[in-house]
Amino acid sequence: MPRYLVTSALPYCNGPIHFGHVTGAYLPADVYVRTLRMQGEEVLYVCGGDEHGTAITINAEQEGVPYSEYVSRWRTAIKDTFDRFGIRFDVWSGTSICPEHAATSQEFFRRLDQNGYLQKQSTEQLYCPKDKMFLADRYILGTCYLCGHESARGNECPNCGQELEPLKMKVARCKICGTTPEKRPTLHWYLDLAQLRDEHIGAWFADHPWKPNVTGFIGNQLSQIGLRPITRDMSWGVPVPEDRAGGERGKVLYVWFDAPIGYVSFTQEWARLQGKPDEWKRWWQSEDTRLVHFIGKDNISFHCVIFPSMLFGVKQQYVLPWQVPANEFYNLQGGKFSTSEKRTIPIEDFCARFDPEAARFYLLASAPETADSDWRWEDFQACVNASLADKIGNLVTRILRFLDKNYEGQVPACDDATAAEFERVLLSECGPIGDPAVFVREFKFRRAAEQLVANAVVANVFVDRLAPWTLRKTDPARAGAVLAICCDWIALLARWMVPFMPGKAQAIWEMLGNTGRVEAGGWPELPCAGRWRSLAAGQKLGTVSGLFAKLDDATVAAEVARLGT
RNA sequence: GGCGGUGUAGCUCAGUCGGUAGAGCAGCGGCUUCAUAAGCCGCGCGUCGCCGGUUCAAGUCCGGCCACCGCUACCA
C-alpha cells in the first residue's frame, strides 16, 4: 500500500502570494490530498516558508527590521491566505524557525561532501572593507559598463536591461554604506550535478513518465548542467557545517540549496510533534512512498533535477519524486499579476466581498495545467452564476424547498421496486456520470471540476423528466419517491464536492438533515444500482438556504475597471 | 542571441496509439414552472496560423515560415 507524501513549493517570505501561486501549487495539492484521504490513502501534506536569501535581507534592511521579524510577518500573511482558501497542511513551518532545519541541511551538505559530490573553488568577489562583508550581486550599485547608467544593480541594469557581471562594473559602490568595494578571493562549494546526472539522475529522469510540460521544460537542460554554487558569503542562512568548513568563516548554504530540504526538516518537525521522532523516515526513506511535488513551471529544474540529485547524492535511501505536477503560469485579465504595479487582486479585500469557495472552484476550473491561463472576471462571473448557482445551487434548493412545502420537510419514502425503476433512468439515461477522483489522481483538475458540474446536471435532467410537480397531483407517493432519489443524489454530490468546496459540501450535507462531517463517510464509488443510496425515509431536512450568491454585471465591471486595463 | 510555449467554432478550451473535427459559454428556436427568471430539449461544414513533405489516410508525424507570449534573475 503506497503512502503519499505531498508538498507544495515553499513560498518565498518576501511578499504576499496571489491567485497565481494559489492555483499553481497550493490549491491543486489541497484537492489532491483531500481526495486521497477520503479514499482511505495515507497522506502527509508538507509546506512552510522559504526564508533565506539576499532578496529578503535587502528588503528587511530597507525597512529597518530584523530578518527574523521580516520573514515572520510574511510567513504569517501567507499562511492567512491559505487559511482563507481552506488550504490545510499537516505541517506548516519555515526554514528559519524549524528547529530541525539547520542540522538537516548541514547533514545534506556533509553527506554530499563525504560522497564526493562537492567541489571547492576560489573566485574573486567584491568585498566592502567598511561593512566587513562580501557583497552579493544585489548589494552592489555602480555605473553600467554597457550604457553608462549610474545606478545599475549588481546583476542587472534597469536602464538597458542587460545582465551585468559585478566585477566589471564601473565605479562600483556598496549599497549599504557607499564605500568602494575591493576584490578579494573567496572560497565556495559547488554541487557536481554532471556527476550525479551520469551516475543516476539522467537515467532516472529519462525513464520517468512526466507531464508533457515537465519533459518539455527540462529538454536538453540535463546535457548542459555542471557545477552549481551552493554556498554564499552572508550571515542570514544555514551556516556551512564547521566540521567541513576547513576554517572558512561567514559562509552559509545558498538559499536554493537549503529551501527544498525544508520538505524533509518540516516532516521531521511534524514527526517530533506527533511524539514519534523517527516517523519521518517512514515517509522519506521508504520505497512505498510516492513523493508528489506541486510547483509552478519556474521550479521544474529544482524539483526534477537538482533536489533529486541532492536526495540521491546523500545515499541515505531517500525516495525520489514520483510525480511533479507542475503548472504553467496564471495571468490576470490578459496581463501578468504584479503586486508592485497593483495589477493584482488583494486577497483580504477579495474575501470580504466574494466567496472564497467559489474562487476555489473557478481557480481549479481555469488552472494553467497545460498552458498559461487567466483569471478573467467575466469568466469568474459566468462560472459562479451558471455552473455553481444555477446548476448546482439551484438543484439543491429546487428539490429541498419543494419538500419543505409539500412533504413536511422530510425525505420521502421510496420502495425497492420504484427505486430500481428510477435508478435505471437516473444512472443510464440522464447524462454522463463520472468519478471526479479519477481525474484528480491524473492531476486533471479542470476536468474534475467539469465532471462535478456534469454530475449535478444529471439530477436536473432526471427531475425534469419525472416532473414530480405534475406527478404529485395524481400520485403523491410516486412523486415523493422521485424526490427521495434526488435527495440521495444530492448527498452523493455533497461528498464529491468536498475536495473542491469543503464548506459548501458540509452546508449541503446539513441541509439534507445529516449530522457529522460529510467527509466522514469516505469517497463515494460511482453509483451502481441498489448500492449507492444513503438517506433514510422520514429524515427531517435542515434549514434550506442559497448556496451561491450571483455576481451582477456592475460588480464585475468595477473589478475590471480597478485593474486599469 | 539561446531555450520553451501557444496559434482548432463569436469567446474559453478538449482532442489519447495518425483513420470521416468535439465540449462549455454566448446566440437562435421550443418545452416546463418545483427552484436563486432557475431547469430541460434541439440547432455548430469551422481554410484545425501559413507553405511544403511522409502516408492509402495528418489538427495529430517531418521540414520551413508567420504571429503572439514567456523564460534566460532562488519571486507559483
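Order of the sequence lines fixes the chain letters, A, B, ..., with proteins taken first and strands second; residue numbering starts at 1 for each chain.
Within the 4.0 angstrom heavy-atom criterion, no nucleotide atom of any strand lies near A:L483. Base engagement by A:V255 is indicated by at least one non-hydrogen atom pair under 4.0 Å involving a base atom.
Looking only at atom types and distance, the side chain of A:S366 has a donor-acceptor partner in the side chain of A:Y330 under 3.5 Å away. Between A:H101 and A:T95, the side chains place no donor N or O within less than 3.5 Å of an acceptor N or O (distance only, hydrogens not considered).
Set against B:rC74, B:rU33, B:rC40, the side chain of A:T470 has B:rU33 as its closest nucleotide. Relative to the side chain of A:Y12, the nucleotides B:rU36, B:rA35, B:rC74 differ in distance, and B:rC74 lies closest. Listed nucleotides: B:rA35, B:rC41, B:rU32. Nearest to the side chain of A:W469: B:rU32. The nucleotide whose nearest atom lies closest to any side-chain atom of A:R401 is, among B:rG39, B:rU36, B:rA14, B:rU36. Closest approach to the A:A389 side chain among B:rU36, B:rC74, B:rC40 is made by B:rU36 (side chain taken as heavy atoms from C-beta onward). Comparing B:rC40, B:rA35, B:rC75 by their nearest atom to the side chain of A:H21 picks out B:rC75.
When the side-chain nitrogen and oxygen atoms of A:K297 are compared with OP1 and OP2 of B:rU6, none of them lie within a distance under 4.0 Å. A sub-4.0 Å separation between OP1 or OP2 of B:rU36 and a side-chain N or O of A:K391 is absent. Here A:K550 reaches the OP1 or OP2 of B:rA38: one of its side-chain N or O atoms lies under 4.0 Å away.
With rounding to whole Å, A:K444 atom NZ is found 10 Å from B:rU16 atom P. Nucleotide B:rC3 holds its C1' atom 13 Å from the CD1 atom of A:I300, rounded to whole Å. Taking atom CG of A:D50 as the reference point, atom P of B:rC74 lies 12 Å away to the nearest angstrom. Put simply, CZ on A:F329 is 12 Å from C1' on B:rG4, counting in whole angstrom units. Rounded to whole angstrom, the span from the CZ atom of A:R446 across to the P atom of B:rU12 amounts to 12 Å. If you measure from atom CG of A:L403 to atom C1' of B:rC34, you get 10 Å, rounded to the nearest angstrom. For A:D390 and B:rA26, the CG to C1' distance is 14 Å, given to the nearest whole Å. Going from atom CZ of A:F402 over to atom C1' of B:rA35 covers 10 Å, rounded to whole Å.
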Donor-acceptor contacts under 3.5 Å from residues 300-308 of chain A side chains, at least two apart:
{"residue": "A:S301", "atom": "OG", "partner": "A:Q221", "partner atom": "OE1", "Å": "3.1"}
{"residue": "A:H303", "atom": "ND1", "partner": "A:N299", "partner atom": "O", "Å": "3.0"}
{"residue": "A:H303", "atom": "NE2", "partner": "A:Y263", "partner atom": "OH", "Å": "2.8"}

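With ring centers used as reference points, A:W375 lies under 6.0 Å from A:Y362. Here A:F294 and A:Y26 keep their ring centres 6.0 angstrom or further from each other.
Separation of the C1' atoms belonging to B:rA58 and B:rG52 is 14 Å when rounded to the nearest angstrom. Taking atom C1' on both B:rU54 and B:rC13, the two are 30 Å apart, rounded to the nearest angstrom. Between B:rC43 and B:rA23, the two C1' atoms lie 15 Å apart (nearest whole Å). Comparing the C1' positions of B:rU32 and B:rG15 gives a spacing of 35 Å, expressed to the nearest Å. Across the C1' atoms, B:rG39 and B:rG22 are found 25 Å apart, a figure rounded to whole Å. A gap of 7 Å separates the P atoms of B:rG59 and B:rC48, to the nearest Å. If you take atom P in B:rU6 and the same atom in B:rG63, they sit 16 Å apart, rounded to whole Å. Between B:rG44 and B:rG10, the two P atoms lie 15 Å apart (nearest whole Å).
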Point to revise | Dot-bracket summary - RNA chain B, pairs being Watson-Crick or G-U whose distances fall under 3.5 Å, with | when paired to another strand | key: (((((((..((((........)))).(((((.......))))).....(((((.......))))))))))))....
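Annotation: cation-pi geometry satisfied between A:R232 and A:Y254 (NZ/CZ under 6.0 angstrom from ring centroid, within 45° of ring axis). Annotation: cation-pi geometry satisfied between A:R228 and A:W256 (NZ/CZ under 6.0 angstrom from ring centroid, within 45° of ring axis). Figure legend: cation-pi geometry between A:K297 and A:F329 absent, as NZ or CZ is not positioned both under 6.0 Å from the six-membered ring centre and within 45° of its axis.
Counting atom types as modelled, A:N394 pairs a side-chain N or O with a base atom of B:rA35 as donor and acceptor under 3.5 Å.
A donor-acceptor pair under 3.5 Å links the side-chain atoms of A:N327 to the main chain of A:G24, judged by distance alone.
The residue among A:S373 and A:N299 whose nearest nucleotide of RNA chain B lies closer to the 5′ end is A:S373. Place A:S545 and A:R376 on RNA chain B by their nearest nucleotides, and A:R376 ends up nearer the 5' end.
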